Amino acid sequence: MKIKYLAVLVAAILHWILGGVWYGVLFTNKFIQLIGWDQAKLQQMESQGPGKELGIALIMSLVLCYILAHFVQYTRSTTAMGGAQTAFWLWLGFIVTTNIATVLFEERPMGLFLINISYQFVGCVIAGMILAVWRSREAAEVVAEPA
């Protein structure tokens with residue numbers, strides 16, 4: 001099996017867009033409150049523009065989805081549920097466990113941890129589903145042909 005690069009790109013873009021919606025619409029105020037940014041910090045960030053941060057976030061989404069694609073292949077997941085399950089175990093094993101240190105040692109609020117890991121959960125599950133069910137044009141044509 002080969003990595004489906006178009007699937008990786010689509011999954012990464014959706015993961016990245018979800019991040020914008022998650023932090024820019026759904027949890028904006030709670031995130032700002034929990035991270036402790038004041039009005040001066042927000043104005044400073046706004047004046048600098050988010051270009052660099054958004055670019056880095058997109059690259060990180062690409063890396064995440066590329067690695068996830070390898071695990072989806074390794075587990076031979078070919079259904080949405082299989083892709084979601086693969087993503088869940090990776091999320092639990094690597095994202096939750098490594099990010100809890102921010103609560104324990106950096107004394108960040110538990111609510112901030114929950115916002116961050118829940119974004120990664122939703123984003124990884126969606127990406128895992130896409131990566132598992134994506135078919136190349138050749139594979140789709142073979143499936144579509146009558147026996």
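Predicted model, so just to flag it, every value in this text is computed and none were measured.
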Which of parallel (below 30°), tilted (30 to 60°) and perpendicular (above 60°) describes Y119 and Y23?
perpendicular
What's the separation between atom [atom1] in [X] and atom [atom2] in [Y], rounded to the nearest 0.5 Å?
X	Y	atom1	atom2	answer
T28	Q33	OG1	CD	12.5 Å
T78	R76	OG1	CZ	11.0 Å
L104	N99	CG	CG	11.0 Å
Q43	D38	CD	CG	9.0 Å

Taking all non-hydrogen atoms of both residues into account, name the closest pair between [X] and [Y] and its distance.
X	Y	value
W22	S118	CZ2-OG, 3.2 Å
I115	K30	CD1-CG, 3.9 Å
V8	A69	CG2-CB, 3.8 Å
C65	A11	SG-C, 3.6 Å

Heavy-atom check, side chain of [X] versus side chain of [Y], under 4.5 Å:
X	Y	result
L114	M110	yes
I95	L90	no
H15	Q120	yes
F27	L34	no
C124	F88	no
I13	S61	no
F113	V96	yes
L18	L14	no

Same hydrophobic cluster for V133 and V125, using side-chain heavy-atom links shorter than 4.5 Å among ILVMFWY?
no
State plainly whether one hydrophobic cluster holds both I59 and L64, where clusters connect Ile, Leu, Val, Met, Phe, Trp and Tyr through side-chain heavy atoms under 4.5 angstrom apart.
no
What verdict does the ring-ring contact (aromatic ring centres under 6.0 Å, His included) test give for W37 and F31, after you've listed the backbone C-alpha separation in whole Å, the side-chain angles of each residue and the deciding distance to 0.1 Å?
CA-CA 9 Å; W37 290 343; F31 177 79; 5.6 Å; yes
Heavy-atom donor-acceptor pair, [X] side chain to [Y] backbone, under 3.5 Å:
X	Y	result
W91	G123	no
E106	A101	no
S77	A132	no
W89	A84	no
K4	W134	yes

List the steps and the verdict of side chain to side chain contact (heavy atoms under 4.5 Å, CB included) for L9 and L62.
CA-CA 7 Å; L9 181 62; L62 280 165; 4.0 Å; yes
Around [X], counting heavy atoms of other residues, nucleotides and ligands shown, do more than 12 lie under 6.0 Å from its [atom1]?
X	atom1	result
M81	CE	no
F94	CZ	no
F71	CZ	no
E46	CD	no

Could you walk me through whether L26 and V21 satisfy the side chain to side chain contact (heavy atoms under 4.5 Å, CB included) test, starting with their C-alpha distance in whole Å, then the side-chain angles of each, then the deciding distance to 0.1 Å, before giving a yes or no?
CA-CA 6 Å; L26 297 176; V21 171; 4.1 Å; yes
Check for me whether the distance between the ring centres of H70 and Y74 falls short of 6.0 Å.
no
